[in-house]
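In what follows, a single structure is set out as structure tokens and then discussed.
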Amino acid sequence: MVSSKLTMPFQNNSLLPIGPPDALPSDYVEFDFSDVFGSAPCQASTQNLVVGSAASGSLYEDPAVICSRSHSLVGPSSHVSHPLKLSKLTLCDTEEDILELTNPVIGEPRGDLTEPPTAVGLEDFEVLRLVGRGGFGKVYQVRRTDTSEIYAMKVVRKDEIMEKNNAGYLKSERDILTKVDHPFIVQLRYSFQTKYRLYLVLDFINGGHLFYQLYRQGLFREDLARIYTAEIVSAVSHLHANGIMHRDLKPENVLLDADGHVMLTDFGVAKQFDENTRSNSMCGTLEYMSPEIILGKGHDKAADWWSVGILLYEMLTGKPPFIGGNRKQIQQKIIKNKIKLPSFLTGEAHSLLKGLLQKEASKRLGCGPGGSKEIKNHKWFKSINWKKLEAREIRPSFCPKVAGNLCVANFEECWTTMPILDTPAATPKSHDNPFKGFTYVRPASFLQTPP
């Protein structure tokens with residue numbers, strides 16, 4: 001997850017007129033993974049939500065757009081840089097305290113010599129450009145040298161995550177991604193390590209994250225939001241059926257592929273579970289956290305369905321329902337405030353939002369005996385043929401502008417125009433390598449491109 005601002009003007013091309021934005025109070029704070037597990041949160045200014053008059057409890061202030069958020073693999077630019085071998089990363093510190101990629105040097109040593117020979121390594125990839133940065137490391141667009149296939153490569157320094165005691169999250173992310181095979185979830189293709197770093201090689205999804213496109217196109221109509229939400233529900237149902245809860249569902253972790261389909265990403269705080277246990281971790285992004293996570297009561301997969309409800313609410317209105325003020329104030333709103341439903345939405349949308357945003361987890365839609373079928377059978381999804389949807393036969397009405405696999409036009413220029421540099425990595429202090437067995441090559445049966 002990384003922090004970034006979207007600076008493009010809002011274009012109301014799709015649904016509703018909105019008034020000019022103001023500024024949120026200066027004490028509005030955003031939270032990403034590092035805010036919960038790492039350094040203290042920093043302040044971020046955002047564009048405010050236009051407040052309108054409310055004649056009834058269901059009437060909502062005019063929709064508006066928040067243009068400062070925490071992101072995962074995001075970013076916009078057609079900038080093209082010269083490819084460089086990832087194995088040319090130097091390991092010596094410079095005066096600027098960076099690693100230079102310009103001078104050829106010997107690649108990093110293998111991290112776990114007891115593992116079987118890995119099918120891929122640094123020498124098999126060229127780095128094209130940086131596309132994102134977050135609490136766990138940097139994400140590069142890379143090309144495999146022998147096949148010319150384009151991937152996203154997440155590069156994480158061992159010393160940093162071990163120092164912050166977050167090694168378990170990286171191992172869990174890798175393990176979870178090896179078990180997931182779904183048309184609306186980003187796939188892990190390879191993983192490997194060196195003495196200093198860990199590498200996850202994933203599908204490169206270049207249609208932009210969901211709300212990057214929302215900011216550019218305007219609010220989503222219900223028919224488009226219905227398809228996006230159905231694809232998210234399908235993906236989350238698959239995770240839950242395999243004993244996995246995502247725990248950080250938010251717009252920046254929902255990417256669009258070149259065909260306009262949803263792809264869930266960023267499993268950095270995902271967790272494997274069984275039906276008889278609950279987790280007590282404080283994790284996720286504040287505006288999307290369920291009440292039970294904030295209260296520390298222990299949570300299960302029901303927390304994901306709350307986040308799906310927040311996502312749907314934001315797709316249809318342009319903002320999450322509980323925002324404004326400092327962290328404590330936002331937490332209190334999530335726990336205590338009633339949801340205000342916009343009057344311009346249909347009754348079916350109202351019903352679904354009320355079901356997903358039940359503060360009592362046991363009463364939340366999707367948490368009853370019927371599980372995810374309770375959501376799939378909801379009347380708002382009446383027009384969805386779930387078999388065709390999961391076969392990718394239902395095409396969303398919006399398709400992002402993508403000019404081939406190399407295109408980075410839907411990523412932010414603050415990343416794609418940045419020089420390809422990396423921070424120096426110290427030798428991990430632990431004598432034992434906690435990442436034994438990290439190497440992975442996706443089986444051939446998994447490598448088929450979705451239809």
[Y] backbone acceptor or donor facing [X] side chain under 3.5 Å:
X	Y	answer
Trp380	Arg226	no
Ser234	Ala230	no
His246	Asp266	yes
Thr317	Tyr313	yes
Glu374	Leu365	no
Gln329	Asn326	yes

Does this structure show an ion pair linking [X] with [Y], if we count only N-O contacts that are shorter than 4.0 Å?
X	Y	result
Arg157	Glu160	yes
Glu292	Lys297	no
Arg392	Asp257	yes
Arg221	Asp223	no
Lys376	Glu231	no
Arg247	Asp304	no

In Å, rounded to the nearest 0.5 Å, how long is the span from [atom1] of [X] to [atom2] of [Y]?
X	Y	atom1	atom2	result
Arg395	Leu389	CZ	CG	12.5 Å
Asp300	Thr277	CG	OG1	8.5 Å
Glu314	Ile323	CD	CD1	8.0 Å

Exercise. Glu173 and salt bridge (Lys or Arg N to Asp or Glu O under 4.0 Å): which partner among Lys179, Lys154, Lys271?
Worked result: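 With Glu173 as partner, salt bridge (Lys or Arg N to Asp or Glu O under 4.0 Å) holds for just one option, Lys154.
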For this session: With Tyr228 as reference, evaluate Phe398, Phe381, Phe184, Phe220 under the ring pair (Phe, Tyr, Trp, His ring centres under 6.0 Å) test and give the passing residue.
Result: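 That would be Phe220.
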Exercise. Going by heavy atoms in the side chains, are Thr194 and Tyr199 under 4.5 Å from each other?
Worked result: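 Contact flag for Thr194/Tyr199 side chains = yes.
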Exercise. Leu312 versus Leu352: any side-chain heavy-atom pair under 4.5 Å?
Worked result: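 Counting from C-beta outward, Leu312 and Leu352 do come under 4.5 Å.
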I need the minimum non-hydrogen distance between [X] and [Y], along with the two atoms involved.
X	Y	value
Asn280	Gly298	OD1-CA, 3.2 Å
Glu222	Leu345	OE2-CA, 3.5 Å
Pro321	Ile339	CB-CD1, 3.3 Å

Problem set entry | Test side chain to side chain contact (heavy atoms under 4.5 Å, CB included) applied to Leu128 and Ile150, step by step | CA-CA 9 Å; Leu128 304 178; Ile150 303 300; 4.0 Å; yes
For this session: Check Ile244, Val186, Leu188, Asn242 against Val180 for a side chain to side chain contact (heavy atoms under 4.5 Å, CB included) and give me the one that passes.
Result: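 Filter result, single survivor: Ile244.
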Exercise. Given His299 and Ser281, is the side chain to side chain donor-acceptor pair (under 3.5 Å) satisfied, shown in steps?
Worked result: CA-CA 8 Å; His299 62 272; Ser281 303; 5.8 Å; no
Problem set entry | Ring centres under 6.0 angstrom apart (Trp305, His240) |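 They qualify: ring centres under 6.0 Å apart.
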Exercise. Do Phe204 and Tyr151 have ring centroids that are under 6.0 Å from one another?
Worked result: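 No, the ring of Tyr151 stays outside the 6.0 Å limit from the ring of Phe204, centre to centre.
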Problem set entry | Trace of the salt bridge (Lys or Arg N to Asp or Glu O under 4.0 Å) decision for Glu149 with Arg144 | CA-CA 5 Å; Glu149 293 174 306; Arg144 182 158 177 178; 5.5 Å; no
For this session: Establish, from distance only, whether the side-chain atoms of Arg189 and Gln187 form a donor-acceptor pair under 3.5 Å.
Result: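 Their side chains do contain a donor-acceptor pair, which is all the 3.5 Å distance test asks for.
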